[in-house]
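Below, all heavy atoms of this structure are taken into account, side chains as well, without hydrogens, waters or symmetry copies. Small disclaimer: the values here were computed from a predicted structure and weren't measured. Residue numbers begin at 1 in each chain, while the letters A, B, ... track the order of the sequences.
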Number of protein chains: 2
Amino acid sequence: MLTIGDVARQAGLRPSAIRYYERVGLLPEPHRVGGQRRYDRDVFTRIAVIRMAQEAGFTLEEIRTLVSGFPEATPAGDRWRALARRKLPEVDAMILRLMTMRRVLEESLMCDCLTLDACGVLGWSSAGTASTQAKTDLG
Amino acid sequence: MLTIGDVARQAGLRPSAIRYYERVGLLPEPHRVGGQRRYDRDVFTRIAVIRMAQEAGFTLEEIRTLVSGFPEATPAGDRWRALARRKLPEVDAMILRLMTMRRVLEESLMCDCLTLDACGVLGWSSAGTASTQAKTDLG
DNA sequence: CTACCGGTTCAAGCGAGCTTGAAGTCATTG
DNA sequence: CAATGACTTCAAGCTCGCTTGAACCGGTAG
């Protein structure tokens, strides 16, 4: 049984973050010994999931849905699957954007432009078509 | 010559955002007519660059360096290239994380687990090795 | 017994990225 | 001339994801 400090040290975050996660429903309320939180080792799995999802661009709100075990009162893993299904295209879109960015970065390493928008790298002609380009997806 | 309202409408953001970008140095100060800002169409290119970089996870601070034409007082595009070089691996890492997330989402659509961490999909055994896993990269 | 260490709560603060509101300016329209 | 509407500045507010500080509690060591 680990104290919040142990968990924090091993997971590489601050106790305050762990309490915060608990407050917003990302972590379950642990049992307590004399008022103090005691954690089981599988809290690390949970934290790792949270972190990964966070790095993948999910909000804590979304992660809460991902991660919390809607115990009864819910169809099944249907809720989680629904979210996953909804999120997949977003993740794909994100990957695409990042790959575009990657290309831009890489190609711009090879040219002499002073600024990004003075540079042809983007494939945009720097004016004219720009307004069309400007409304790509973001909504 | 476009007013700030025109630009905002066409770019899909609010005038306040445009003024904000100007304040933090993402957009150059436009000329003014009777105190009001007037923009050239190439502002849309700039805005599109900003948006893309933002979606790719750059902070406005970084984008400022990316986008602003450090006119004199700077070696060349060296500064921008330096940033690009520094950012490339980060972008790559981000892409990798997203692909992991994608895999998790996709595979979890195919299993019956109620929660993510009850599920084997992650490849983590749900305890034991977790603490090791927990410290992947984040720093 | 006292000190100290690490836990506890709660409210407030912070940085990023904007938005909102108040108060004023300016051009056009009736 | 007065009203309208889009602009202006400036300061303050808001959301997210935490952190920090004040004040307190409990267990162990000297």
Distances under 3.5 Å between nitrogen or oxygen atoms of protein and nucleotides 23-28 of chain C:
none

Bend angle of the helix from C:dC1-D:dG30 to C:dG30-D:dC1, end axes from five pairs each (to 10°): 30°

Touch class at under 4.0 angstrom, heavy-atom based, for B:R19 against every strand present: base

Show me the side-chain donor-acceptor pairs of residues 18-28 of chain B shorter than 3.5 Å, one per line, residues at least two apart or across chains.
{"from": "B:E22", "atom 1": "OE1", "to": "B:R37", "atom 2": "NE", "distance (Å)": "2.7"}

Results of side-chain contact (heavy atoms from CB on, under 4.5 Å) for A:S16 - residues two or more places apart only: A:R14

Touch class at under 4.0 angstrom, heavy-atom based, for B:R32 against every strand present: sugar-phosphate

Set of residues satisfying side-chain contact (heavy atoms from CB on, under 4.5 Å) with respect to B:Q36, sequence neighbours excluded: B:R38

Outermost nucleotides of DNA chain D that come under 4.0 Å of a non-hydrogen atom of chain A: D:dG17 to D:dT20

Sugar-phosphate, base or nothing in reach of A:L13, heavy atoms under 4.0 Å: nothing

Upstream residue (5' side of DNA chain C) when B:R14 and B:L60 are each assigned their closest nucleotide: B:L60

Partners meeting side-chain hydrogen bond (donor to acceptor under 3.5 Å, both in side chains) with B:D92 (sequence neighbours left out): A:R102

Non-neighbouring partners of A:E90 that pass salt bridge (Lys or Arg N to Asp or Glu O under 4.0 Å), sequence neighbours left out: A:R86, A:K87

